[in-house]
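So the structure is just underneath, and the comments pick up after that.
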Amino acid sequence: MFDKVLIANRGEIALRIHRACRDLGIATVAVHSTADENAMHVRLADESVCIGPNSPTESYLNIPAIVSACEISGANAIHPGYGFLSENPKFVEILEEHNITFIGPTSEHIKLMGDKITAKITAEKLGIPIVPGSDGEVETVEQAIAFAREIGYPVLIKAAAGGGGRGMKIVNAESEMDEAYNTTRSEARVAFGNDAVYMEKYLGNPRHIEIQVLADKHGNVIHLGERDCSLQRRHQKVFEEAPSPVIDASARAKIGETVTNAIKKLGYVGVGTVEFLFENGEFYFIEMNTRIQVEHPITEMVTGIDLLKEQIRVAAGEPLRITQDDVVLTGHSIECRINAENPKTFTPSPGDIQRFHPPGGPGIRLDSAMYAGYRIPPYYDSLIGKLIVYGASREDCLRLIQRALEEFVVEGVETTIPLFRDLIHQPEVISGDYTIRWLEEYLGL
Ligand code: ADP
């Protein structure tokens, strides 16, 4: 096992990683930008190193500074969290050269899944059902038109290097194709430095269902069931639950086995999430994330398995101590993403937290780096915390969220807490009968 782990991230996930390391008896090194000097994980870590100014490119994405911090502090491994360098194969290669363990998969697997075109081709070869789409890259607008005629409108043009819900355009008719194709490419060039695009059938009313996997270096792979992340805004998750209200035990076992077999064949190591759209009882692969995800806690709650600890253990070469039969889903869990944003316009609301009273009691978990007096810097993502509830049933969870949100006080900045206070009274949220379109329609977007 590692003696010391460097946490190459910030915010709630940095604190989550610190806690997992502590629970495993591992010392931690926090790296931070000047703006994050007073961050909670920096205060709690055994050591901390300032790696640069506010701008993420000069700090949390600054590979030489992070590698130096690792060497100076003598950390043997780096946990990348999510976002930032977590899916950057070049970073992983550099760590390999410096004999520093990356807590995650190999650079080859990251590369394979980081490009959505090769990811889809690989998934199909491994026996995973995919969304009907182009055979690889669509290189010209003529090809795009020909493909859409074959498959029928609407279609989706997607950037091969896209992520975070960006780099996608819906095309409803041939007359829109020229503009949509060219803008997606030019936007992708600017945002991701890669303008390759591909196309998919645009599914009308699917749910977003993802399967969590865990694999060690000894060929053992298990799945931990699904998360339903259908409540989305701009293709970004807002509220997630496990298990999904629409997946029964036999569907879960079937897709879980398909995914587990594929991951085994791939020789993948670490935690990973295979994402699907689910419509009319069928699963369609969209992508694989090769890192810990924001919404991992709901899986931890219903399985009783600490994903961060397991992720660190398998990276250190330990064999999994859990078999598929040991994975038993109990109860229900829901997560609300709390952003420092106006709950109606979603405009970021950085600033000082003047008053802070977290909710508590049975069934409530708050993964957050907030505290009274904390200043939310304007330079990073607006996610400031995750409210996670765990109850015997979905109905219990909805009641727990209601209670937690009543208790929750954050003053000084605007947050999305009022949005959730409202959402939990909506009939579709109460019944679980929603698709990936529902929230945007409800918000009038
Ligand atoms: P990202 O990497 O940006 O998260 P994904 O490919 O995972 O992109 O897609 C994110 C979301 O976009 C999905 O959860 C879904 O809401 C929507 N989406 C993606 N592909 C399709 C599709 N073929 N049809 C309809 N919606 C889609």
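This structure is a prediction, so every number in the text was calculated from the model and none was measured. When a ligand or atom number is given, it counts from 1 through the structure's own listing order. Along the sequence shown, the residues carry numbers beginning at 1.
Residue Arg437 approaches ligand 1 through these ligand atoms, each under 4.0 Å from one of its heavy atoms: 25 (C), 26 (N). Ligand-side atoms of ligand 1 in range of Val131: 23 (N), range being under 4.0 angstrom from any heavy atom. Close approach to Leu277 involves these atoms of ligand 1, each under 4.0 Å from a residue heavy atom: 15 (C), 20 (N), 21 (C), 22 (C), 24 (N), 25 (C), 26 (N), 27 (C). Every atom of ligand 1 with a heavy atom of Lys201 under 4.0 Å away is listed here by number and element: 22 (C), 23 (N), 24 (N). With ligand atoms numbered from 1 in the order given, ligand 1 contributes 1 (P), 2 (O), 3 (O) to contacts under 4.0 Å with heavy atoms of Gly163. With ligand atoms numbered from 1 in the order given, ligand 1 contributes 1 (P), 3 (O), 4 (O) to contacts under 4.0 Å with heavy atoms of Gly165. For ligand 1, the atoms sitting less than 4.0 Å from at least one non-hydrogen atom of Met168 are 3 (O), 8 (O), 9 (O), 10 (C), 12 (O), 19 (C), numbered in the order shown with element in parentheses.
Protein heavy atom in closest approach to atom 8 (O) of ligand 1: Lys116 NZ, 3.0 Å. Regarding atom 16 (O) of ligand 1, its nearest protein heavy-atom neighbour is Gln232 OE1, 2.7 Å.
Salt bridge Lys169/Glu179: absent, no basic N to carboxylate O contact under 4.0 Å. Using a 4.0 Å cut-off between charged side-chain N and carboxylate O, Glu226 and Arg252 make a salt bridge. The pair Glu93-Lys111 meets the salt-bridge criterion, with a side-chain N (NZ, NE, NH1 or NH2) lying under 4.0 Å from an Asp/Glu carboxylate O. With respect to the salt-bridge test (charged N to carboxylate O, under 4.0 angstrom), the residues Arg19 and Asp306 do not qualify. A salt bridge links Lys237 with Glu295: the closest approach of a Lys/Arg side-chain nitrogen to an acidic carboxylate oxygen falls below 4.0 angstrom.
Residue contacts with ligand 1: Arg207 is excluded, as none of its non-hydrogen atoms falls under 4.0 Å. Within the 4.0 Å heavy-atom shell around ligand 1 one does not find Lys237.
The distance from the CG atom of Leu419 to the CZ atom of Arg337 is 13.0 Å, given to the nearest 0.5 Å.
Cation-pi check for Arg365 over Tyr390 is not met; the charged atom does not lie both under 6.0 angstrom from the ring centroid and within 45 degrees of its normal.
Heavy-atom proximity to atom 23 (N) of ligand 1, evaluated over Glu287, Glu200, Met199, is greatest for Glu200. Ranked by closest heavy atom to atom 19 (C) of ligand 1, the top entry among His235, Arg234, Lys158 is Lys158. Closest heavy-atom approach to atom 24 (N) of ligand 1 within the set Leu203, Thr273, Thr435: this belongs to Leu203.
The two residues Asn9 and Pro80 have their closest heavy-atom pair at ND2-O, 2.8 Å.
Of the polar atoms of Glu275, at least one N or O is found under 3.5 Å from an N or O of ligand 1, judged by distance alone. Backbone and side-chain nitrogen or oxygen atoms of Ile436 are examined, and none is located within less than 3.5 angstrom of a nitrogen or oxygen of ligand 1.
With 3.5 Å as the limit, one finds no donor-acceptor pair spanning the side chains of Asp195 and Ser186.
Classified by interplanar angle (parallel below 30°, tilted 30° to 60°, perpendicular above 60°), the ring pair Phe276/Phe283 is perpendicular.
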